[in-house]
2 protein chains.
Amino acid sequence: MGHAESPRVKGVAVHPRRRVYRLSRERRVADIMDSARAVFCAKGYSDAVISEIAGQLGIVEGTIYRYFSTKRDLLVAVVEDWYRRILADYDEQLKGISGTRNRLRFLIWRHLKVIHDDPAMFRLVTGELRGGADYRTTSVFDMNRQYTKRTLAIVEDAVKSREFRADVPLRMVRDMIYGGAEHYTWAFLRGEGDFSPDTAADEIVGIIYRGLMGADMASNTGNGAVGAQAISRLESVARRLERVAESREPRRAGEKSRGQG
Amino acid sequence: MGHAESPRVKGVAVHPRRRVYRLSRERRVADIMDSARAVFCAKGYSDAVISEIAGQLGIVEGTIYRYFSTKRDLLVAVVEDWYRRILADYDEQLKGISGTRNRLRFLIWRHLKVIHDDPAMFRLVTGELRGGADYRTTSVFDMNRQYTKRTLAIVEDAVKSREFRADVPLRMVRDMIYGGAEHYTWAFLRGEGDFSPDTAADEIVGIIYRGLMGADMASNTGNGAVGAQAISRLESVARRLERVAESREPRRAGEKSRGQG
DNA sequence: GCACGATAATGAATTAAACTCATTAATGGG
DNA sequence: CCCATTAATGAGTTTAATTCATTATCGTGC
């Protein structure tokens, strides 16, 4: 760092700049975003430092501010770019899959796969971007909407075709799918252990599709078992009420048989 | 700032301090946490400024650092305190409720109620604290564990008593409940509109408990319309009776093996 | 009522990092 | 080979967290 013989202007040392190479706007922006992504992913948003992003490219902080007005602006750009790539072949792939269950499973699996493949980016979205006051104005917000809209559509179709019951709360189903996936992967996102997108997808689809109710009721999935679930449940409630009644009125102990057809 | 007649020491102006009142450590800590909570909630963590927290109390920034080593430390303390209060009467209340469905619904409803009543604090937990690298070392982590453990236990019991099928993926159920609740309330947390904890709780419990499977078909259709309608009515009666019965049933003790049909 | 030691509180100084801007100079079209 | 355009610089400026040596209040024992 010794600039002992630097030229001087008005008595102040002036460092001769090393040869500076200029890039096109597009190229520089792309480079900065690459570098930013690496640093953001490695350190997280708040611990990432602009000077490091610049340093990696051999440029100066000010240069970054020529292209991105704030650090957050840079984050948004990086995330948008990532999201765009993810959504690129989304519909194309979905087109090749048919059947409610398969389509649903694919969307869920794909989401889990994204988390699994790029946990750091996912953390940026959920941990930093989504919480910001300006999130709604972000195109990430819109893209996410697009992203989950497909899920809603599939469930809606299933309702229309009577595969699902009529009173399904669509939005809640969607939120339980994506919220469940997110919570489920937290440990992994924190760097603890691993998870299987396949297993997780199966579990989620299973819960959503078949429901949690006792095995004796949910024998099959088709529309064949009309009311079977409901009847089964009524039977179990009846049994229970019998027990309660018995315990409260011992003398009139239930003579009714327990078996039903 | 003309301090023309301030006393001088070594030629430097010395501002005479106004009378300073000292509080006990406990009291000061409590005051700081109150003020911090207010500011954190109003501005969010990163936009909150220590000097404002201090200013509200008529003290100086340095004083806060006597009790909290970092801004984040202060955040953690505030959240811990909040969480502790929430968990205070948790088990007590839960004790008074019996029946899988009711207990599950209560836990979910209570969670949603907390979000509804104190969205800003909830945002601090999810947006700032949970993402931090040190989250696991926080007692908030442990408390959260306690918090969701109850849910897991209820589902587990239901599996044991065969009310739920045997292959229920416990953890995923828990994650879908809490993750679903969180996603569902985002818009509200961002300050857009409102939501009903009751409705949301019903929806979540409904999906988890009965499942999404379309065996019902009650709403439309010709084939079986009569039966479906009757079943629907019986179901609602059953639900009501069940609630009454559960409130009278002595704990869960009587939940022994159930005849398979 | 007073000295005094423990410690609450100060306020000025120090970093650290985001962000600004006047200036410099590479580049490509004429 | 100009020279206008504009990429890039680097030296600030600002804001906010954090540190610390110093000051002075308050409870306690005499």
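Just so it is clear: chains get the letters A, B, ... in the order the sequence lines come, proteins before strands, and each one is counted from 1. Quick caveat, the model's predicted, so the values are computed rather than measured.
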Could you tell me if the side chain of [Y] sits less than 4.5 Å from the side chain of [X], heavy atoms only?
X        : Y        : value
A/His183 : B/Ile177 : no
B/Phe40  : B/Met121 : no
A/Ile86  : A/Val114 : yes
B/Tyr147 : B/Leu107 : no

Donor-acceptor contacts under 3.5 Å from residues 23-33 of chain B side chains, at least two apart:
{"unit_1": "B/Ser24", "atom_1": "OG", "unit_2": "B/Arg27", "atom_2": "N", "d": "3.2"}
{"unit_1": "B/Arg27", "atom_1": "NE", "unit_2": "B/Asp31", "atom_2": "OD1", "d": "3.3"}

Under 6.0 Å between ring centres, would you say that holds for B/Phe122 and B/His116? no
Rounded to whole angstroms, how far apart are CG on A/Leu23 and P on D/dT5? 21 Å
Between D/dT19, C/dA9, C/dC19, which nucleotide gets closest to the side-chain atoms of B/Thr63? C/dA9
Side chain of A/Arg66 only, please: which of D/dA8, C/dC19, C/dA8 is the nearest? D/dA8
Quick one: is A/Tyr65 getting a side-chain N or O under 4.0 Å of the C/dT20 phosphate, OP1 or OP2? no
Taking only the side-chain nitrogens and oxygens of B/Arg25, find out if one of them lies under 4.0 Å from OP1 or OP2 of C/dT7. no
Heavy atom of residues 44-62 of chain B under 4.0 Å from DNA chain C: which residues? B/Gly58, B/Ile59, B/Val60, B/Gly62
Please work out which residues in residues 70-77 of chain A have a non-hydrogen atom less than 4.0 Å from an atom of DNA chain C and list them by number. A/Thr70, A/Lys71
Report, one pair per line, the protein and nucleotides 26-30 of chain C atoms (nitrogen or oxygen only) whose separation is under 3.5 Å.
{"unit_1": "C/dA26", "atom_1": "N3", "unit_2": "A/Arg22", "atom_2": "NH1", "d": "2.1"}
{"unit_1": "C/dT27", "atom_1": "OP2", "unit_2": "A/Arg19", "atom_2": "NH2", "d": "2.3"}

A/Arg171, CZ: over 12 other non-hydrogen atoms inside 6.0 angstrom: no
Check whether more than 12 heavy atoms from other residues, nucleotides or ligands sit under 6.0 Å from atom CD of B/Glu92, and answer yes or no. no
Assign A/Tyr67 to base, sugar-phosphate, or nothing according to its heavy-atom contacts below 4.0 angstrom with the strands shown. sugar-phosphate
Does one side chain, of A/Thr151 or A/Tyr178, offer a donor that lies under 3.5 Å from an acceptor on the other? yes
By side-chain contact (heavy atoms from CB on, under 4.5 Å) - contacts of B/Glu156 (at least two apart): B/Leu170
Salt bridge (charged side-chain N to carboxylate O under 4.0 Å, His left out) pairs touching residues 118-133 of chain B, sequence neighbours excluded, are B/Arg37-B/Asp118, B/Arg130-B/Glu182
